[in-house]
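Taking it in order: structure first as structure tokens, then the write-up.
Chain letters run A, B, ... following the sequence lines, proteins first, then strands; residues in each count from 1.
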Amino acid sequence: MHLALMGAALLFACPLAWMVLSSLKSGTEIAANPTGAWPESWQWENYADAVTVIPYGTYLRNSLVLCVGCVSGTLLSCSMVAYGFARLKWRGRKLMFGILISTMLLPWQATMIPRFLLLKEVGLYDSLAALIVPTFLGDAFYIFLLRQFFLTIPEELSEAARLDGCGEWGIFARIMLPLAKPALATVALFQFVASWNDFQGPLLYLNDPYRFPLAYGLERFVSSYSSETHLLLAAASLFTLPIVVLFFFTQRTFMRGISAGGLKG
Amino acid sequence: MDDTYGLGSFSLMPSLRHRLTPLWFISPWLLGFGLLVVYPFVASLVWSFCRYDMLSPPEYVWLENYARLADELVSGGRFGQAMWNTGYFVLISVPLSIGFGVGLAVMLSWRIRGQAIYRTLFFLPSVVPVAAASVLWMWLLDPQAGIVNAVLGVAGVDGPGWFNSVSEAAWLPAWFRGIGGFGSKDALTLMSVWGVGNFMIIYLAALGEVPRSLYEAAELDGAGPWRRFRHVTLPMLSPVIFFNLVMGVIGGVQAFTQVYIVSEGQGAPAGSSMMLSLYLFLSAFKDLEMGYASAIAWVLFLIVLASTAALFRSAKHWVHYGGASP
């Protein structure tokens with residue numbers, strides 16, 4: 001039993017380990033001995049080379065702008081909307097929530113073309129804003145996730161605040177948001193990873209290489225330097241590493257979010 | 001503002017404001033729903049009946065785009081190829097992912113030392129960005145320079161062409177040709193199985209909620225490990241399997257990033273990795289045929305709708321909700 005588990009774990013971990021180990025080999029060593037695992041000589045300069053060959057700093061800055069912008073947009077819009085669906089009573093709420101849920105099943109390609117032309121029309125083409133602005137308009141999945149969390153907060157808390165003369169916005173900002181920190185952290189984390197990894201958005205909306213985030217920049221690098229395997233792997237490692245580190249520090253938030261989204265979905 | 005007539009804005013306004021509060025709260029989504037969902041959805045339906053190159057205004061051609069799709073489907077043109085490839089990829093990768101997801105979760109639920117480490121190792125690939133994973137697997141599976149074929153070579157096996165091959169491993173003749181029958185879509189399937197960690201975590205959480213008493217009762221009835229798995233574990237997991245199935249099919253039909261990267265943005269080799277989403281993208285943004293691409297988008301939407309509906313209909317026959325009765 002233990003053996004099967006170890007074998008499977010090895011198979012899953014191997015590709016990543018190989019990526020990092022080979023990114024520290026020289027190009028000739030990779031070509032000469034593709035099955036060897038441990039580098040004969042550690043070529044740390046591969047990383048320095050990769051960072052100079054691709055404008056890594058520029059791409060990284062763009063990725064961070066994109067991530068911070070999208071996380072802010074998502075947190076702000078989704079928490080507001082989720083509060084509206086979870087804690088306020090209004091006519092048509094159930095119907096609207098059903099519509100919201102059903103939009104999760106809508107493939108992004110079904111709306112891709114007019115959406116592209118609309119954002120282009122308002123002057124957002126070739127700007128990171130084309131990817132950030134839509135997050136200020138809510139996302140069905142995150143709204144759903146936050147709503148589920150708001151529903152678990154006892155109504156008595158809001159009632160007490162209302163009796164003290166606190167308005168809905170006050171209850172939302174001063175009571176609900178602080179209590180919802182774990183759920184907000186999950187949403188922020190998911191959105192950060194999604195923006196960091198996003199490839200089709202930049203492919204669609206960005207044209208100027210100085211605006212590319214890492215995910216897209218890396219692919220452009222692959223198509224122009226496909227023979228320089230060692231640099232390619234170093235670049236891929238540099239792109240993957242931040243997410244892996246982030247994951248190690250936030251494992252519990254990550255896993256909780258995944259099982260909450262899945263089980264209640 | 002100034003209450004000259006004493007109409008009691010104090011009594012009227014607060015109640016109106018009170019009623020409008022929910023609207024303000026959900027306003028970001030309402031705006032997004034209107035501008036980024038309803039409008040594009042309707043516009044792409046209208047444009048699917050048009051010829052539209054973005055330079056001149058759309059011009060109605062009615063069913064021409066759909067007729068072209070039907071023609072390419074029947075004659076095995078690019079659209080036919082995209083439909084076939086998408087179907088092949090979804091029908092093979094989704095069941096495999098479910099199998100591996102359940103299998104790994106069950107193995108992890110055994111009480112074993114170092115469980116947390118194993119869980120992390122299985123989960124890690126699913127946080128690797130798709131763009132990086134695609135680059136990595138293109139290298140691992142390179143027929144000449146890649147590790148996988150080098151390892152197979154050491155074992156005395158001629159490795160397959162993977163991303164450079166049009167083969168489809170699901171066919172019997174491919175198995176007769178040995179392991180060499182794995183082609184580009186099978187390599188994409190391998191990649192998607194590698195990233196199964198996400199669903200594995202959901203299965204693991206669901207396994208933790210199966211009451212122990214069910215297993216004990218089954219054991220008292222003399223059920224062995226396989227029958228306990230078949231009659232207790234599987235039914236208890238069925239809601240999650242259903243969720244995985246729906247999300248897997250929807251995600252598989254829409255798969256884009258990895259397809260775009262490994263096929264050099266053109267479905268290479270020989271269109272064997274041309275999928276619906278890629279064909280749609282190329283028609284729209286390379287050929288600038290927005291009308292035709294909109295028709296593809298609607299076909300893609302209808303496929304997702306039909307398969308989701310079919311899955312939901314089938315659910316009542318095999319999905320057990322609210323679990324205490326297996």
Counting heavy-atom pairs closer than 4.5 Å to chain A, which one of [options] comes out on top?
options	value
B:Val151, B:Val148, B:Leu124	B:Leu124
B:Phe285, B:Phe301, B:Phe41, B:Phe199	B:Phe285
B:Ile147, B:Val246, B:Ile201, B:Leu35	B:Ile147
B:Leu140, B:Val128, B:Val299	B:Val128
B:Leu276, B:Leu108, B:Leu300	B:Leu300
B:Val42, B:Val130, B:Thr257	B:Thr257

Please give me the minimum heavy-atom distance between [X] and [Y], naming the atom from each residue.
X	Y	value
B:Leu36	A:Pro134	CD1-CB, 3.8 Å
B:Gly32	A:Leu137	CA-CB, 3.6 Å
B:Trp194	A:Leu11	NE1-O, 4.4 Å
A:Gly84	B:Ile26	CA-CG2, 4.1 Å
B:Ala297	A:Ala110	CB-CA, 4.1 Å

Is it the side chain or the backbone of [X] that comes within 4.5 Å of chain A heavy atoms, both, or neither?
X	value
B:Met247	neither
B:Ala145	backbone
B:Thr308	side chain
B:Leu23	neither
B:Phe33	side chain

In Å, rounded to the nearest 0.5 Å, how long is the span from [atom1] of [X] to [atom2] of [Y]?
X	Y	atom1	atom2	value
A:Ile258	B:Ser126	CD1	OG	6.0 Å
B:Ser294	A:Met112	OG	CE	8.5 Å
A:Ser77	B:Phe25	OG	CZ	13.5 Å
A:Leu117	B:Tyr52	CG	OH	5.0 Å
A:Arg115	B:Ser44	CZ	OG	12.0 Å
A:Ile113	B:Leu280	CD1	CG	5.5 Å

Side-chain donor/acceptor of A:Glu168 to backbone N/O of B:Thr21, under 3.5 Å: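 Pair absent, no side-chain N/O of A:Glu168 close to backbone of B:Thr21.
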
Is B:Gln254 reaching over with its side chain to a backbone N or O of A:Gln109, donor-acceptor style, under 3.5 angstrom? no

Within residues 129-142 of chain B or reaching into it, pairs that qualify as side chain to side chain donor-acceptor pair (under 3.5 Å) - sequence neighbours excluded: none

Between [X] and chain B, which part of the residue has a heavy atom less than 4.5 Å away: side chain, backbone, both or neither?
X	answer
A:Trp196	side chain
A:Leu105	both
A:Ile143	side chain
A:Leu100	both
A:Leu5	both
A:Tyr216	neither
A:Leu88	side chain

I need the contact set between residues 237-246 of chain A and chain B: heavy-atom distance under 4.5 Å, sorted by residue number.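 The list, in residue order, reads A:Phe239, A:Thr240, A:Ile243, A:Val244.
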
Going by the angle between their ring planes, with limits at 30° and 60°, are B:Phe123 and A:Phe247 parallel, tilted or perpendicular?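 Taking A:Phe247 first and then B:Phe123, their aromatic rings sit tilted (interplane angle of 30° to 60°).
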
Describe, in one word, how the ring planes of A:Phe12 and B:Phe122 are oriented to each other, choosing from parallel (under 30°), tilted (30 to 60°) and perpendicular (over 60°).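 Correct class here is perpendicular.
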
Is the closest side-chain heavy-atom distance between [X] and [Y] below 4.5 Å?
X	Y	result
A:Leu203	B:Phe256	yes
B:Tyr260	A:Glu219	yes
A:Pro114	B:Trp47	yes
B:Ile261	A:Phe199	yes

After noting the C-alpha distance and the side-chain angles of A:Val193 and B:Val127, does the key distance pass the side-chain contact (heavy atoms from CB on, under 4.5 Å) rule? CA-CA 8 Å; A:Val193 174; B:Val127 297; 5.7 Å; no

Could you check A:Phe248 against B:Thr120 for side-chain contact (heavy atoms from CB on, under 4.5 Å), going step by step and ending with a plain yes or no? CA-CA 9 Å; A:Phe248 272 111; B:Thr120 305; 3.6 Å; yes

